[in-house]
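Residue numbers begin at 1 in each chain, while the letters A, B, ... track the order of the sequences. Just so you know, these numbers use all the heavy atoms, side chains as well, and skip hydrogens, waters and symmetry mates.
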Protein chains: 2
Amino acid sequence: MARRNDHSREEIHQMALDAAERIVVAEGYKGLSARKLAAAIDYTVGTLYLVFENLDDVVRQVNERTLDKLYAWLQARSGASTRPEEAVFALARAYIAYAENDAPRWNMLFEYIAAQGGALPASHLQKVGKVFGLVEAALAPLADRASATEVEQAARVLWASVHGICLLKISQRMELAGGQDAEAMSHMLIENFLRGFRSTHQAA
Amino acid sequence: MARRNDHSREEIHQMALDAAERIVVAEGYKGLSARKLAAAIDYTVGTLYLVFENLDDVVRQVNERTLDKLYAWLQARSGASTRPEEAVFALARAYIAYAENDAPRWNMLFEYIAAQGGALPASHLQKVGKVFGLVEAALAPLADRASATEVEQAARVLWASVHGICLLKISQRMELAGGQDAEAMSHMLIENFLRGFRSTHQAA
DNA sequence: CCTGTTTATTGAACGACGTTCATTTGTGTG
DNA sequence: CACACAAATGAACGTCGTTCAATAAACAGG
């Protein structure tokens with residue numbers, strides 16, 4: 001039994017988030033329960049509620065970490081490419097690779113976003129916006145005649161689409177993909193999409 | 001209290017599926033519980049387990065109905081268009097409209113598909129395949145130089161993408177869409193995608 | 001009409017869930 | 001050493017899915 005002052009509030013907070021991630025990675029979203037999480041850090045349920053508002057609060061904070069990791073992962077892989085188009089392909093490959101590599105957390109993130117009835121927390125929106133920013137940056141060189149708004153909208157459309165394809169892969173539903181893998185699908189999508197996009201928005 | 005022989009097994013089965021749909025429509029996926037469902041048809045929990053394997057079985061059977069309704073809805077709206085391209089746009093509009101119109105059931109269907117660990121039931125796969133068939137039929141006239149496999153793959157790519165966009169709308173996450181609505185997004189997607197697809201696979 | 005058998009239906013019971021809060025227990029102060 | 005304070009507990013509440021011994025309704029034979 002953990003004793004008074006063994007750990008500060010902040011330490012318990014971090015221990016719980018770490019343990020929650022381990023549980024989610026090992027057993028999936030539904031495997032996370034208050035009692036299991038408390039046991040994992042050698043405290044009892046009650047203590048969790050001194051540090052978090054409720055279980056949803058834990059999930060939300062794990063998701064914030066996931067968004068940070070996702071952004072860092074994508075940024076590290078969106079370096080300068082020879083061809084501007086290649087940057088978009090590279091980003092999509094990185095997105096799919098992240099989801100594959102960190103499937104349970106990626107899953108939890110988007111199940112949370114989907115299930116959340118009302119508005120997302122502001123910090124969430126801001127982090128998602130940063131991810132979209134990477135897509136916009138990759139798309140901009142391909143559309144020198146497009147306004148910032150047009151690039152933004154195209155980025156959202158393209159990424160919602162890549163995300164849809166990614167969902168197939170993560171939920172292991174490639175049986176629905178007609179024999180392709182997610183990378184091939186997203187490649188076909190981007191190739192065709194960019195052809196249209198460039199012909200509309202790029203000079204020369 | 002319902003009495004012996006008031007209803008046949010089959011009647012109870014149908015009553016339960018009807019009631020389950022009403023509950024899901026009224027209160028969402030998570031609002032469906034065994035006790036609530038039993039009360040809605042004036043039986044007790046035990047009776048449900050004589051007719052269904054478990055709650056998941058109920059959900060699966062409701063989803064089969066949803067897939068049938070979705071197919072019928074799309075088919076009714078995929079009639080002959082003047083331009084072949086318009087058929088694809090019409091299908092996407094119909095898909096989004098269905099999801100909007102029947103959001104709780106549409107949601108439950110795809111949450112189930114995503115959450116299901118292993119393989120989907122064969123009947124599910126077959127019904128999803130029928131929906132994809134509609135997309136392939138709309139795509140085929142635009143690619144007279146493409147093989148059946150290429151059309152099939154393009155249909156899956158395009159529909160996974162439309163689905164991704166649709167998810168934004170249904171989970172009321174249009175804040176992430178850069179000021180567009182789902183119809184505009186899917187229109188942009190299809191327009192650009194088809195331009196690339198036609199230029200690769202269509203003669204003349 | 002009564003009795004015994006069959007079987008449809010029940011609902012209490014189990015373990016697990018999220019959440020709360022009166023109680024306990026260790027810590028630091030006077 | 002006793003008091004006050006606060007950290008931590010864990011029993012309790014109402015929910016969940018699921019099971020299965022017990023019950024009660026329908027029917028068959030006399």
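Between B/T47 and B/A34, the residue anchored nearer the 5' end of DNA chain D, judged by the nucleotide with its closest heavy atom, is B/A34. Comparing A/E53 and A/G31 against DNA chain C, the residue whose closest nucleotide sits nearer the 5' end is A/G31. Both B/L50 and A/R35 lie near DNA chain C, and the one whose nearest nucleotide falls closer to the 5' end is B/L50.
The distance between atom NE2 of A/H13 and atom P of D/dA7, rounded to the nearest whole Å, is 17 Å. Whole-Å rounding puts the A/L48 CG to D/dA8 P distance at 12 Å. Counting to the nearest Å, the P atom of C/dA16 and the NZ atom of A/K36 are 10 Å from each other. The CG atom of B/D56 sits 14 Å away from the C1' atom of D/dC16 (whole-angstrom rounding). Atom C1' of nucleotide C/dT7 and atom CD1 of B/I12 are separated by 13 Å, given to the nearest angstrom. Between A/D42 atom CG and D/dT9 atom P the separation is 9 Å, expressed in whole Å. Rounded to whole Å, atom C1' of D/dC16 lies 15 Å from atom CD of B/E27. Atom pair A/D6:CG and D/dA6:P shows a separation of 19 Å (rounding to whole Å applied).
Atom CD1 of B/I190 sits about 9.5 Å away from atom CD of B/E86, to the nearest 0.5 Å.
Comparing C/dT19, C/dT9, D/dA8 by their closest approach to the side chain of A/L55 singles out C/dT19. Distances from the side chain of A/R9 to the nucleotides D/dT18, C/dT9, D/dA7 place D/dA7 closest. In this structure, the nucleotide among C/dT9, C/dC17, D/dA8 sitting nearest to the side chain of B/Y43 is C/dT9.
Using a 4.0 Å cut-off, some side-chain N or O of B/S33 falls inside it from OP1 or OP2 of D/dC16. Contact check, A/Y49 against C/dG18: no side-chain N or O comes under 4.0 Å of OP1 or OP2.
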Next on the checklist: Under the criterion ring pair (Phe, Tyr, Trp, His ring centres under 6.0 Å), I'd like the reasoning laid out for B/Y95 against B/W73: C-alpha separation, chi angles, the key distance, then a yes or no.
Outcome noted: CA-CA 8 Å; B/Y95 189 73; B/W73 171 283; over 10 Å; no

Checklist entry - Given the rule in the side-chain hydrogen bond (donor to acceptor under 3.5 Å, both in side chains) test, do B/Q61 and B/H13 qualify, once you have shown the distances and angles that lead to the verdict? => result CA-CA 10 Å; B/Q61 294 191 35; B/H13 187 110; 2.7 Å; yes

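Contact check on A/D18 versus A/R65 returns a salt bridge, with a Lys/Arg side-chain nitrogen under 4.0 Å from an Asp/Glu carboxylate oxygen. The pair A/R105-A/E21 meets the salt-bridge criterion, since a charged nitrogen lies less than 4.0 angstrom from a carboxylate oxygen.
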